[in-house]
Amino acid sequence: MTDIANETRSAELYRRACAVMPGGVSSPVRAYRSVGGVPPFFASASGCRVQTEDGVELLDFIGSWGPLILGHAHPAVVEAVQQAAARGTSFGAPCVAETELAEKVVELSPVADEVRFVSSGTEATMSALRLARAVTGRDGLVKFDGCYHGHADAFLVKAGSGLATFGESSSLGVPAAVSALTGVLPLDDESALDVWFAEHGATTAAVFVEGVPANCGLLSQRPEWLAKLRDVTREHGTLLVVDEVITGFRLGPGGFCGREDYDADLVTYGKVIGGGLPVGAYGGRRKYMERVSPEGGVYQAGTLSGNPLCMAAGTAALRVLEEEDGWARLEALGAAWEARMRPLLERECAAGAPVAMRREASLFWLCFDAEQPPRRFDAIPASGAERYGRFFHALLERGVMFAPSAYEVGFLNLAMTENDLDIAAERVGLALEASR
Ligand code: PMP
């Protein structure tokens, strides 16, 4: 039985939360179900450090799951939000802040001539899908096993057996008729693309892909596979939608498409463009975007879309990234982190408890029970999750917070110094040893 008198403040707060919210949370991964234990409640955060309600300070490698590329409570973002709030928290009418962020996004994005702002990544992808269906006059959708595109019905589909299959819903409550329109293919497999398009090319409206899949570990794709994907979609008149909700404005100013000179038809953004406030966006060539209401017949709207606080936060964050050489500094930070991790991982391999690492700029992933990082979901060793749970808690006890799931990536941010990386690396080394 739990000893209520001795429970931590977070445990007490979590019990309270569970009485009024499913699992005590607003998003499932926060409930720690895959690593066990009670999630610490955050009281405040600054830079790369979080203070919990238990009075503990944690070095944070989650960064709110991606938005906080400058770290928590960056002064430029806080000031922009405060100033905007004093002028009004929501207008539901055009405002300059919205045009300013749109101009910045259009300037930096290699794909978007125009953007439409929404309030989350989920809204961005579901709206881009609607647009793709309208443009092509087709209903079919393809996604890849191991990619995540938010929780709209069409995307909550998992792979069935076989090379290229129509999926089965991965959530209760999704109509079978909706899942039946979504095909799920393996990543890193050219022949699966051939099989799919030979049979369903003429009815496939869109293929969605994360340029660097970062939602089931970091499953970086081969350039040949990415090139094949572009060719085969173009050949069949299917729109290629690159979901840059994580990679946009993180891998570089132009995100994945900019870094790789990759030619998407539509693109979706989120996370970084909101500076920590809720913003998503979808964009593309003008010939597609002019199909969006009120110019065209593709309806999509939002009471809080283009909210002045969110727009100000996003513009402030992008401005800091640009003015302070943010992307080059993040790449250097990523390289410095990788250099600290490599000897630790070699030591684990030598001890017969292998852990592999993959890094892309300021994103990284440790894959437990593997010597090489995989490129597809079904190649991730399922056994690694158990050791990850032990590692996660051993690390948390030492004041470093990684994501509470073996399948989530780590995020570096500009508030981290080499000294922070030294501290974290030493503790990662100890936690790896303790979790063998
Ligand atoms: N697409 C990708 C690639 C994502 O990583 C996420 C969220 N992790 C989403 C879409 C959905 O974004 P949101 O959680 O803001 O709805």
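We count ligands from 1, going down the list as the structure has it; atoms in each ligand are counted the same way. All of these numbers come straight from a predicted model, not from anything done at the bench.
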What residue and heavy atom of the protein are closest to [atom], and at what distance?
{"atom": "atom 14 (O) of ligand 1", "value": "Thr122 OG1, 4.5 Å"}
{"atom": "atom 1 (N) of ligand 1", "value": "Asp243 OD2, 2.6 Å"}
{"atom": "atom 8 (N) of ligand 1", "value": "Lys271 NZ, 3.0 Å"}
{"atom": "atom 15 (O) of ligand 1", "value": "Gly121 N, 2.8 Å"}

Check ligand 1 against [X] and write out every atom of the ligand that is under 4.0 Å from a heavy-atom position of the residue.
{"X": "Glu210", "result": "3 (C)"}
{"X": "Asn215", "result": "2 (C), 3 (C), 4 (C), 5 (O), 8 (N)"}
{"X": "Gly150", "result": "9 (C), 10 (C), 11 (C)"}
{"X": "Ile246", "result": "5 (O)"}
{"X": "Ser120", "result": "15 (O), 16 (O)"}

* Could you pull out the closest heavy-atom pair between Pro213 and Gly211, with the gap in Å? =>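 Minimum heavy-atom separation between Pro213 and Gly211: CD-O, 3.6 Å.
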* Asked: Should Arg234 and Asp263 count as side-chain neighbours, where that means a heavy-atom distance under 4.5 Å?
  ->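 Contact flag for Arg234/Asp263 side chains = yes.
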* Asked: Side-chain contact, heavy-atom cut-off 4.5 Å: Met416 with Phe61?
  ->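 Result yes, sub-4.5 Å side-chain heavy-atom pair found.
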* Asked: Any idea which part of Trp65 is under 4.0 Å from ligand 1, heavy-atom wise: side chain, backbone, both or neither?
  ->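 The answer is neither.
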* How are the rings of Phe391 and Phe402 set to each other: parallel, tilted or perpendicular (split at 30° and 60°)? ->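 Rings of Phe391 and Phe402: perpendicular, over 60°.
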* Go through Asp243 and Thr125 one step at a time and tell me if the side-chain hydrogen bond (donor to acceptor under 3.5 Å, both in side chains) criterion holds. => CA-CA 7 Å; Asp243 181 353; Thr125 55; 5.4 Å; no
* Does one side chain, of Ser34 or Tyr388, offer a donor that lies under 3.5 Å from an acceptor on the other? ->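 No donor-acceptor contact under 3.5 Å links the two side chains.
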* Asked: Do side-chain atoms of Arg390 reach the backbone of Ser435 as a donor and acceptor pair under 3.5 angstrom?
  ->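 Such a contact is found between Arg390 side chain and Ser435 backbone.
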